[in-house]
Amino acid sequence: MTKNLCAVIVSYNGNERLAELVKVLCNESDEIMIVDNGSNQETASRLESLEKICEKVSIRYLNQNTGVAYALNTGLQYAIEHGFKWMITFDQDTVPVDGAVTGLLA
């Protein structure tokens, strides 16, 4: 199976909207890589629960806030190493409407 789309989400002390985003992306991507930019323990616990709502979620924890560019590059490197054809990026506050990602690919 060709790996087509990896969705990368940069997280830093994220809120409840992150779960909404993961639910949308779970139906529209082959994998979801969350790059956490050194969040607090409460957010880290919340991130772990996202792996339970979508089996496509992987999380890379950075030990400190290295900035959005570094986090995005971490996600890009992951997508390249795992053979994805496309990558789409999100921050933790963005929730696209259902079908938006699939529509972009079309």
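In this chain, residues are counted from 1 in sequence order.
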Option passing side-chain contact (heavy atoms from CB on, under 4.5 Å) with W86 (candidates N4, D30, L104):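 It is N4, the one option of N4, D30, L104 that forms the side-chain contact (heavy atoms from CB on, under 4.5 Å) with W86.
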Hydrophobic clustering (ILVMFWY, side-chain heavy atoms < 4.5 Å, transitive) - are [Y] and [X] grouped together?
{"X": "I88", "Y": "V24", "result": "yes"}
{"X": "Y12", "Y": "L21", "result": "no"}
{"X": "I53", "Y": "I9", "result": "yes"}
{"X": "M33", "Y": "M87", "result": "yes"}

Minimum heavy-atom separation for [X] and [Y], please, with both atom names.
{"X": "L5", "Y": "E28", "result": "CD2-O, 3.4 Å"}
{"X": "P96", "Y": "V101", "result": "CG-CG2, 4.4 Å"}
{"X": "Y78", "Y": "S58", "result": "OH-OG, 3.8 Å"}
{"X": "V35", "Y": "L62", "result": "CG1-CD1, 3.8 Å"}
{"X": "I32", "Y": "C54", "result": "CD1-SG, 4.1 Å"}
{"X": "G67", "Y": "N37", "result": "O-ND2, 3.1 Å"}

Flag side-chain contact, heavy atom, 4.5 Å: [X] against [Y]:
{"X": "S11", "Y": "L47", "value": "yes"}
{"X": "T74", "Y": "R60", "value": "yes"}
{"X": "L25", "Y": "F90", "value": "yes"}
{"X": "V8", "Y": "L76", "value": "no"}
{"X": "V68", "Y": "D91", "value": "no"}
{"X": "T89", "Y": "V10", "value": "no"}

Can you measure from OG1 (T43) to CG (L18) and round to the nearest 0.5 angstrom?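 Taking OG1 in T43 and CG in L18, the distance rounds to 9.0 Å.
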CD1 of I34 to CD of E48: how many Å apart, nearest 0.5 Å?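 The distance works out to 11.0 Å.
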Verify, without hydrogens or angle tests, whether S49 (side chain) and R46 (backbone) share a donor-acceptor contact under 3.5 angstrom.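 Answer holds: yes.
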Take a 6.0 Å sphere around OH of Y61 and say whether it holds more than 12 heavy atoms from other residues, nucleotides or ligands.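 Above 12, so yes.
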Whether over 12 other heavy atoms sit under 6.0 Å from E55 CD: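 No.
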Verify the distance criterion only: is there a donor paired with an acceptor across the side chains of N13 and N40 at less than 3.5 Å?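 Yes, side-chain donor-acceptor contact under 3.5 Å.
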